Protein chains: 2
Amino acid sequence: MEQENNESHGDEAHDIESDSVVYLKENDSLCRPLLVKRTNTTSQIAIIGANTCPIESLDYEIVENELFKQDWRSRKKLQIYQYILLKWAFALLIGLGTGLVGFFNNIAVENIAGFKLLLTTDLMLKHKYFKAFAAYAGCNVVLAAAAAALCAFIAPAAAGSGIPEVKAYLNGVDAHSILAPSTLFVKIFGSVLGVSAGFVVGKEGPMVHTGACLASLLGQGGSRKYHLTWKWLRYFKNDRDRRDLITCGAAAGVAAAFRAPVGGVLFALEEAASWWRSALLWRTFFTTAVVAIVLRAFIQLCATGVCGLFGEGGLIMYDVSSAKVLYNGPDILAATLLGIIGGIFGSLYNYLVDKVVRNYSIINERGPAFKILLVVAISLLTSCCSYGLPWLATCIPCPTDQSTSCPNTDVSGNYKSFQCPSGYYNDLASLFLNTNDDAIRNLVSTNTEKEFHISSLLIFFAAVYCLGIITYGIAIPSGLFIPVILAGACYGRLVGRLFASISKLDVGLYALLGAASLLGGTMRMTVSLCVILLELTNDLLLLPLVMLVLLISKSVADCFNKGVYDQIVKIKGLPYMEAHAEPYMRQLVALDAVTGPLVTFSGVEKVRNILHALRTTGHNGFPVIDEPPFSDAPELCGLVLRSHLLVLLKGKVFSRHRVLAGDEILNKFAVFDFAKAGSGKGIKLEDIDIEEEEMDMYVDLHPIVNTSPYTVVETMSLAKAAILFRQLGLRHMCVVPKSQGRPPIVGILTRHDFMPEHILGLYPHVKHHK
Amino acid sequence: MEQENNESHGDEAHDIESDSVVYLKENDSLCRPLLVKRTNTTSQIAIIGANTCPIESLDYEIVENELFKQDWRSRKKLQIYQYILLKWAFALLIGLGTGLVGFFNNIAVENIAGFKLLLTTDLMLKHKYFKAFAAYAGCNVVLAAAAAALCAFIAPAAAGSGIPEVKAYLNGVDAHSILAPSTLFVKIFGSVLGVSAGFVVGKEGPMVHTGACLASLLGQGGSRKYHLTWKWLRYFKNDRDRRDLITCGAAAGVAAAFRAPVGGVLFALEEAASWWRSALLWRTFFTTAVVAIVLRAFIQLCATGVCGLFGEGGLIMYDVSSAKVLYNGPDILAATLLGIIGGIFGSLYNYLVDKVVRNYSIINERGPAFKILLVVAISLLTSCCSYGLPWLATCIPCPTDQSTSCPNTDVSGNYKSFQCPSGYYNDLASLFLNTNDDAIRNLVSTNTEKEFHISSLLIFFAAVYCLGIITYGIAIPSGLFIPVILAGACYGRLVGRLFASISKLDVGLYALLGAASLLGGTMRMTVSLCVILLELTNDLLLLPLVMLVLLISKSVADCFNKGVYDQIVKIKGLPYMEAHAEPYMRQLVALDAVTGPLVTFSGVEKVRNILHALRTTGHNGFPVIDEPPFSDAPELCGLVLRSHLLVLLKGKVFSRHRVLAGDEILNKFAVFDFAKAGSGKGIKLEDIDIEEEEMDMYVDLHPIVNTSPYTVVETMSLAKAAILFRQLGLRHMCVVPKSQGRPPIVGILTRHDFMPEHILGLYPHVKHHK
């Protein structure tokens with residue numbers, strides 16, 4: 001798709017007063033979102049370039065044109081069964097693939113990080129403290145630099161969590177190469193390297209993105225470049241089916257990351273997806289069931305010892321079911337307190353992440369070298385914290401009544417000796433010099449009330465909270481769940497210690513409640529978090545308290561700002577359509593939002609006109625108007641898509657005179673010739689080679705016109721139009737006149753036209769009116 | 001609303017070839033669904049009258065008329081906060097109310113049924129077997145007759161599960177008195193009586209209905225009859241907000257019945273609701289959290305012994321977490337087998353329930369006496385089975401290694417002595433002469449492998465499966481979950497016994513898998529069943545197997561028929577809109593579905609014309625057309641609702657001449673005067689008293705016209721129009737002409753017009769075309 005016409009819209013950026021997001025409109029199809037940063041003193045505009053990749057809307061509408069109808073009538077029962085079977089086969093493949101990747105990720109991280117930690121511990125035991133630090137920090141920097149290099153040079157889109165991008169895709173926004181094979185590759189290996197490098201990042205966001213990428217690959221209909229195309233994949237060459245696959249992929253990602261199949265389905269439903277049908281619930285459920293079965297099989301395999309340092313493990317990652325759940329008044333009070341703390345710290349977290357990401361974008365913008373440098377710097381800082389802070393802790397004598405070895409010698413474990421003499425352990429080292437998963441496991445471990453000093457918990461909380469914030473935004477795949485769970489569990493345990501005298505609940509369960517509260521405060525999910533935590537910890541009896549904590553923390557945090565993923569979507573400039581209409585939209589009508597000139601075609605149009613329109617505009621849909629002699633009066637025939645026009649022009653079914661040539665086109669083309677290729681593929685305008693003499697010939701557009709575009713009357717309230725647009729997942733909405741005797745269409749509304757920035761730009765007064 | 005014009009539609013019934021559902025259309029608003037039964041030999045049409053109550057569609061659209069806009073502009077921030085606060089307060093109240101009712105139900109059932117069982121056991125111990133049967137059957141019949149009398153005389157709508165009705169309501173169908181206070185009353189007490197009477201019925205369907213009724217009561221805006229109206233409830237006097245409340249109520253019902261808060265949310269999402277927003281997820285979550293907290297508080301209270309026979313209990317109803325979950329190849333094979341069995345038995349169950357309900361309807365139709373007689377007959381049959389069949393079982397010696405007393409003396413318990421000598425127990429009696437809850441608890445009890453003979457399990461399965469089928473449809477509140485869980489757990493345990501030699505899994509867990517399989521086979525839910533079972537049994541490690549079983553049983557059963565609730569919705573003749581369009585709709589356009597004459601008004605209309613239209617049609621929405629001099633050419637001004645017209649006419653703001661009188665109306669009325677009263681309330685046509693001289697005066701409709709009705713062009717594919725209608729939850733959809741020079745509206749589509757029966761009645765060929 002072209003990117004002309006940018007200049008003409010340049011002024012729009014000048015209307016913006018301060019630091020904000022602008023969706024520069026390239027007519028109706030391509031948005032070029034820019035983060036415009038303007039300081040008060042200068043008028044310099046910093047365009048944060050990570051976001052200037054072209055963005056395209058997705059077409060979820062079924063194009064009911066002549067070709068489609070012809071095909072529909074001739075479609076056989078067998079083909080329909082084949083299609084349904086394929087859907088399930090794809091769901092199976094997504095489940096298998098994501099399960100495998102999830103498992104590979106686990107094993108790789110445990111082995112790489114384990115090797116690094118063993119090396120460090122060995123040197124520590126020999127009292128070679130500087131060498132130990134050098135080894136530790138060196139490993140971290142190498143791993144971090146490798147991850148950053150992958151990201152910077154191969155797939156910049158793989159940086160970050162990936163959940164916001166998947167969320168935006170499922171809302172109908174296709175950012176460039178967000179689901180490309182290269183992104184998939186970098187996401188898998190970058191995530192392993194990044195987590196192994198000891199960063200305060202998780203693997204669940206990247207897993208969601210990985211699942212979505214896998215699903216998208218399947219939905220591409222093979223690769224023409226590598227001669228891998230299958231005829232029977234053609235049914236999936238549309239955005240509708242791809243959306244379904246990617247929803248399954250997102251669910252599979254969470255299921256694989258947390259070994260939480262039901263939580264995965266709910267995550268896809270609550271956070272990721274914008275459209276949902278019961279059939280989809282059913283299919284995502286199947287996908288996550290496959291993931292669960294794959295994971296269980298491999299974990300059973302690992303029990304035989306073939307997975308190296310991965311060890312035995314089980315389906316439950318942080319099992320707390322051994323703790324007795326007994327709670328009373330004071331515990332409910334403590335839970336309420338945790339909810340409030342979670343809400344405050346959560347919204348603060350979001351606020352700070354927002355600031356940090358915006359500033360990092362400016363650094364990352366300068367080129368791959370800067371990206372890698374930033375990553376290395378953060379890596380060094382993290383290493384210093386992890387290795388340096390444990391020195392602040394005093395050595396604690398090992399508990400005598402414990403059955404576990406202390407100080408323990410294996411990689412993961414509760415009691416790290418660090419610099420302490422035999423029979424003592426360093427509690428901060430048990431948290432810092434472990435993988436994040438093990439640190440969480442230690443924090444939520446039950447029946448270990450006095451394991452951590454209050455001061456150690458305070459130090460760890462402060463370190464992890466800050467490191468989590470400054471790590472997000474650097475050029476590595478980085479999930480947000482684990483940092484949040486770490487910080488939350490830490491203050492949860494802290495509160496548990498404070499309430500220890502009047503509370504019956506185990507501090508491990510307090511840690512779990514703390515994690516829930518901070519998750520609620522940042523992510524703002526409810527049911528899915530509840531189920532994910534349930535599946536992570538296998539403690540159903542705590543459910544009422546977890547629900548209470550989530551409710552309070554979300555309510556508190558919602559007073560301050562939006563959820564972290566929504567914020568990142570906004571920072572990335574992705575034009576996300578909210579499910580509800582903004583109140584001020586009720587004061588406007590559909591026509592108010594229509595801007596720019598309308599380009600229409602006749603039912604039988606001159607090739608020159610079409611080419612001219614395609615070249616000079618970025619529009620993706622053109623209304624087609626039937627005029628005499630093809631109708632009594634001008635009337636709206638329907639809407640034709642740019643991609644379909646390109647295919648038709650390439651086929652060159654032209655005629656010298658202005659006549660209907662539908663049958664010829666219907667014979668020459670099949671509906672699948674117009675199937676939508678994967679993002680970035682498909683015929684481009686440059687691929688079309690029209691001779692000069694063909695320019696004045698005519699082409700009959702009727703067979704490819706979608707005769708059932710969704711229309712609204714110009715006087716329809718803009719709020720209602722927005723809801724229609726969002727609920728049906730439209731890309732174009734035709735605005736038709738109310739009164740007669742005017743042209744049959746007065747404009748087209750697209751995603752961009754419903755963006756608050758656009759509408760408030762046109763009508764700055766409406767917001768204050770309320 | 002009136003019910004005239006039935007005669008004119010009488011012919012429609014004659015078009016139907018065989019036993020099927022007809023939605024008789026009373027113009028656009030009132031459907032009078034009839035179950036038409038026609039035998040092949042005679043042409044007699046049996047109209048099954050339980051379904052002839054008037055049905056009305058619900059208005060979810062925001063009516064954006066002048067009055068609304070005026071109010072919107074003047075709405076203050078405070079009012080908006082008040083509204084939001086009220087929403088949460090209502091959610092809280094629904095949670096509290098449903099939790100209380102759920103708890104009351106539990107205590108009442110345990111005490112009534114417990115008393116009955118104690119009486120019987122006492123007599124048994126004295127070897128007075130006939131007296132024992134008389135006491136048992138007598139208690140049952142009295143309780144059953146009381147439940148039936150409540151149903152038959154006070155609220156016939158309270159019979160059955162209630163879930164189908166709630167589902168239909170949330171789809172936009174308001175059946176008469178389905179959520180009335182009398183229904184609530186009968187549902188609560190009828191359910192207690194019915195379950196206590198020993199029927200093979202559950203309380204969860206009735207609990208869902210109870211939650212919905214409670215929610216609906218709150219959404220009525222008080223009762224004018226009892227002088228209980230609050231001004232601040234006026235915001236909720238619309239179907240939109242009522243729908244949200246009732247969704248919360250349905251979720252709370254499941255949460256209370258199964259003590260499964262997350263399962264409740266998911267049930268509401270997956271099975272009950274037709275529209276869903278993330279805000280609603282959040283609110284239902286809050287409601288079910290309240291239910292969980294209420295239940296937990298009361299259960300803790302009962303631990304002190306104040307609840308009579310209710311005993312201690314916990315939040316987990318059927319705890320199996322003590323069993324070790326270890327499974328391998330053979331277990332997976334067994335699970336697959338269970339899935340297949342569940343699918344077959346489940347679809348057979350649905351098929352038989354369908355047949356039974358249709359036949360019962362004919363009996364129930366004859367009057368309350370017949371209803372009660374039927375209930376008494378089934379009650380006697382159930383008593384005979386429960387008391388008679390245990391005689392077939394041989395006495396089993398008590399296990400020696402058990403810590404539980406055997407035979408046990410308390411009401412519930414694993415080992416009933418029945419006729420057996422001391423030291424022996426009767427395993428069938430342990431299942432039959434218990435409450436259903438206790439029978440399930442016995443079936444899923446772990447570490448009790450040999451407790452039940454295979455022959456006993458076979459007998460119990462056959463009895464419960466058949467009794468469950470013949471009990472649904474009689475005039476008592478009857479849930480379907482418990483019968484299905486009972487039968488499923490029974491054959492699950494049976495399969496477990498058969499696989500005992502090669503399997504590692506406990507037979508109690510097999511019983512759980514069996515219950516899952518039959519639930520999947522009848523209800524066809526996935527995620528919600530999974531979570532409900534998880535919350536019922538507290539066994540997370542079994543989750544992958546439960547998912548597998550559910551997937552298989554649903555897939556198998558879907559080959560044969562639809563889910564049981566969908567079937568009942570259909571039997572009841574409720575015009576349920578499916579989420580997807582039928583394939584044949586793609587061959588038709590919107591205009592094809594338009595039938596009947598269109599009644600339109602002018603912007604300023606004569607009172608006589610309006611009254612005439614209101615009297616002679618059942619339409620609920622009338623297009624208003626502006627004509628010269630108020631516009632240059634006739635154009636669609638919008639849509640006006642019958643209820644709004646009635647309010648306007650009652651206010652008598654008439655003028656002698658055809659002039660605009662908008663300001664006068666805006667001054668006289670507030671938007672809340674037009675708020676929609678609860679079902680069955682509001683101004684009726686008979687309430688309006690217009691003098692003859694006023695008949696020829698004019699009334700200005702502009703202030704109450706919804707100027708933003710959703711419109712489709714007549715050539716829009718019917719499939720797309722159906723999806724638009726369904727997704728946005730419309731009641732009326734205006735069909736506008738494509739070409740100019742014709743009247744500005746060509747018809748109105750309503751729910752009825754999208755019903756397959758209606759479309760296939762008009763175009764019988766389209767279905768076969770495919």
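This structure is a prediction, so every number in the text was calculated from the model and none was measured. Order of the sequence lines sets the chain letters (A, B, ...), proteins ahead of strands, with each chain counted from 1.
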- Note on the structure: In this structure, CG of B:Leu542 is separated from CG of B:Leu534 (nearest 0.5 Å) by 9.5 Å
- Quick one: of B:Lys554, B:Gln727, B:Lys738, B:His580, who has the most non-hydrogen atom pairs under 4.5 Å with chain A? B:Lys554
- Message: Counting only non-hydrogen atoms closer than 4.5 Å, does B:Arg742 touch chain A with its backbone (N, CA, C, O), its side chain (CB onward), both, or neither?
- Response: backbone
- Query: For A:Val713, is it the side chain, the backbone, both, or neither that has a heavy atom closer than 4.5 Å to a heavy atom of chain B?
  - Reply: both
- Query: Is B:Arg726 reaching over with its side chain to a backbone N or O of B:Ala581, donor-acceptor style, under 3.5 angstrom?
  - Reply: no
- Task: Decide yes or no for A:Phe285 and B:Cys530: does some side-chain heavy atom of the first lie under 4.5 Å from some side-chain heavy atom of the second?
- Result: yes
- Bottom line for A:Leu551: the part with an atom under 4.5 Å from chain B's heavy atoms is both
- Query: Using non-hydrogen atoms only, which part of B:Thr288 is less than 4.5 Å away from chain A: side chain, backbone, both, or neither?
  - Reply: both
- Test item: B:Arg259 and B:Ile299 side chains (from C-beta on) under 4.5 Å apart, heavy atoms: yes
- Does any heavy atom of chain A fall under 4.5 Å from the side chain of B:Tyr710, the backbone, both, or neither of them? both
- Item | Under 4.5 Å from a heavy atom of chain B, the part of A:Leu269 involved | side chain
- Note on the structure: Residue from B:Leu728, B:Val291, B:Val531 scoring the most non-hydrogen pairs under 4.5 Å with chain A is B:Leu728
- Message: Test side-chain hydrogen bond (donor to acceptor under 3.5 Å, both in side chains) on B:Thr707 and B:Glu64; report intermediate values, then the result.
- Response: CA-CA 6 Å; B:Thr707 51; B:Glu64 293 198 353; 5.9 Å; no
- Pick one of side chain, backbone, both or neither for A:Leu636, based on which atoms fall under 4.5 Å of a heavy atom in chain B. backbone
- In terms of heavy-atom proximity below 4.5 Å to chain B, should A:Cys734 be classed as side chain, backbone, both, or neither? neither
- Does one side chain, of B:Ser528 or B:Glu271, offer a donor that lies under 3.5 Å from an acceptor on the other? no
- From B:Ile745 CD1 over to B:Leu639 CG, what is the distance, rounded to the nearest 0.5 angstrom? 7.0 Å
- Query: So, A:Glu535 side chain and B:Leu540 main chain: donor-acceptor pair closer than 3.5 Å or not?
  - Reply: no
- Among B:Glu635, B:Arg586, B:Met716, B:Glu270, single out the residue with the greatest number of heavy-atom pairs under 4.5 Å to chain A. B:Arg586
- Could you walk me through whether B:Phe630 and B:Cys637 pass the side-chain contact (heavy atoms from CB on, under 4.5 Å) test, one step at a time? CA-CA 10 Å; B:Phe630 302 116; B:Cys637 173; over 6 Å; no
- Heavy-atom contact with chain B under 4.5 Å, split by part of A:Val527: both
- Query: By a 4.5 Å heavy-atom criterion (distance strictly below it), what part of A:Leu545 contacts chain B: side chain, backbone, both, or neither?
  - Reply: neither
- Query: Which one of A:Val736, A:Thr711, A:Val546 has the most heavy-atom pairs closer than 4.5 Å to chain B?
  - Reply: A:Thr711
- Query: Where the side chain of B:Thr284 meets the backbone of B:Ala251, is there a donor-acceptor pair that is under 3.5 Å apart?
  - Reply: no
- Message: If I measure from the heavy atoms of chain A, does B:Ile293 come under 4.5 Å with its side chain, its backbone, both, or neither?
- Response: side chain
- State plainly whether the residues B:Lys167 and B:Asp566 are in salt-bridge range, i.e. N to O under 4.0 Å. yes
- Query: Given that the side chain runs from C-beta out, which part of A:Arg283 has a heavy atom under 4.5 Å from chain B: side chain, backbone, both or neither?
  - Reply: neither
- Query: Out of B:Val712, B:Asp632, B:Ile62, which one racks up the most heavy-atom pairs below 4.5 Å with chain A?
  - Reply: B:Ile62
- Message: So which residue, A:Ser717, A:Pro709, A:Ser708, ends up with the most heavy-atom pairs under 4.5 Å with chain B?
- Response: A:Ser708
- Query: Side chain, backbone, both or neither: which part of A:Ser555 has an atom under 4.5 Å from a heavy atom of chain B?
  - Reply: both
- What part of B:Ala289 gets closer than 4.5 Å to chain A, counting heavy atoms only: side chain, backbone, both or neither? both
- Query: Under the side-chain contact (heavy atoms from CB on, under 4.5 Å) criterion, do B:Glu61 and B:Asn706 qualify, and how do the steps go?
  - Reply: CA-CA 10 Å; B:Glu61 206 182 326; B:Asn706 177 6; 3.3 Å; yes
- Measure distances from B:Val265 to the heavy atoms of chain A and classify the residue's part below 4.5 Å as side chain, backbone, both or neither. side chain
- Please round to the nearest 0.5 Å and tell me the distance separating atom CH2 of A:Trp275 and atom CG of A:Leu280. 12.5 Å
